[in-house]
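What you see below is based on every heavy atom in this structure, not just the backbone, and it leaves out hydrogens, waters and symmetry mates. These figures come from a predicted structure and were not determined experimentally.
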Amino acid sequence: QVQFVESGGGLVQPGGSLRLSCTPSGFTLDYSAIGWFRQAPGKEREGVSCITGTDGATYYIDSVKGRFATSRDNAKNTVYLEMNSLKPEDTAVYYCAAALTCYATYGRWEIRLHDFNSWGQGTRVTVSS
């Protein structure tokens with residue numbers, strides 16, 4: 001089965017940092033765009049960031065801009081999500097998935113979950129004191 005494996009989650013205090021990793025199982029990243037998503041308890045899954053596979057362009061939702069950064073290392077077949085200045089509202093299970101590209105209009109990511117596939121099991125991030 002082709003899917004991603006997410007890792008790096010854990011418990012962190014507000015203001016702390018975590019780095020999540022996303023590695024595909026059964027395929028290589030190549031030129032796939034990779035999106036990070038999260039789902040908090042009782043809430044719908046929401047997009048967090050997207051990085052293209054062609055030029056490495058990145059997109060973020062407003063609530064994480066300036067705090068989160070996504071990057072990719074194709075040699076290691078891994079995509080990362082660096083999360084800084086974490087807040088309790090960042091608590092969620094974080095997932096990554098692949099798409100053909102990060103669809104954007106006027107520089108703003110159009111988040112469409114149905115564009116993405118190969119979802120993993122997620123990694124839990126808890127921000128609490």
*asked:* Other residues, nucleotides and ligands only: do more than 12 of their heavy atoms fall within 6.0 Å of OH on Tyr31?
replied: no
*Do side-chain atoms of Thr123 reach the backbone of Tyr94 as a donor and acceptor pair under 3.5 angstrom?*
no
*asked:* What's the separation between atom CG in Leu113 and atom CZ in Phe37, rounded to the nearest 0.5 Å?
replied: 5.0 Å
*When you look at CZ of Arg124, are more than 12 heavy atoms from neighbouring residues, nucleotides or ligands closer to it than 6.0 Å?*
no
*List the steps and the verdict of side-chain contact (heavy atoms from CB on, under 4.5 Å) for Cys96 and Val79.*
CA-CA 9 Å; Cys96 62; Val79 173; over 6 Å; no
*How far apart are the closest heavy atoms of Gly120 and Tyr95, and which atoms are they?*
O-CD2, 3.6 Å
*How long is the gap from CG on Asp73 to OG1 on Thr23, to the nearest 0.5 Å?*
10.0 Å
*In Å, rounded to the nearest 0.5 Å, how long is the span from CZ of Arg112 to CG of Asp115?*
4.0 Å
Side chains of residues 61-72: which donor-acceptor partners sit under 3.5 Å, not counting sequence neighbours?
unit_1 : atom_1 : unit_2 : atom_2 : d
Asp62  : OD1    : Lys65  : NZ     : 3.2
Asp62  : OD2    : Arg108 : NH2    : 3.0
Arg67  : NE     : Ser63  : O      : 3.4
Arg67  : NH1    : Ser85  : O      : 2.9
Arg67  : NH1    : Asp90  : OD2    : 2.7
Arg67  : NH2    : Ser63  : O      : 2.9
Arg67  : NH2    : Asp90  : OD1    : 3.0
Arg67  : NH2    : Asp90  : OD2    : 3.4
Thr70  : OG1    : Tyr80  : O      : 2.9
Arg72  : NE     : Asn74  : OD1    : 3.1
Arg72  : NH1    : Ser32  : O      : 2.7
Arg72  : NH1    : Thr52  : O      : 3.0
Arg72  : NH2    : Asp30  : O      : 3.3
Arg72  : NH2    : Ser32  : O      : 3.0

*Rounded to the nearest 0.5 Å, how far does CH2 of Trp119 lie from CD of Glu6?*
9.0 Å
*asked:* What I'd like to find out is whether the side chain of Phe4 reaches to under 4.5 Å of the side chain of Leu29, using heavy atoms alone.
replied: yes
*Out of curiosity, Glu44 CD to Gln39 CD, how far, rounded to the nearest 0.5 Å?*
8.0 Å
*Provide the full list of disulfide (SG to SG under 2.5 Å) pairs with a residue in residues 98-129, sequence neighbours left out, each pair given once.*
Cys50-Cys102
*Using the rule that two of Ile, Leu, Val, Met, Phe, Trp, Tyr join whenever any of their side-chain heavy atoms come within less than 4.5 Å, decide whether Ile111 and Val93 are in one cluster.*
yes
*Looking only at heavy atoms, what is the nearest atom pair of Ala104 and Tyr59, with distance?*
CB-CE2, 3.6 Å
Only distances under 3.5 Å count here; give the side-chain donor-acceptor pairs of residues 11-21 to other protein atoms, sequence neighbours excluded, each with its distance to 0.1 Å.
unit_1 : atom_1 : unit_2 : atom_2 : d
Ser17  : OG     : Asn84  : OD1    : 2.8

*With a cut-off of 6.0 Å (strictly less than), are more than 12 heavy atoms of other residues, nucleotides or ligands near CD of Glu89?*
yes
*OG1/Thr58 to CD1/Ile34 distance, rounded to the nearest 0.5 angstrom?*
14.0 Å
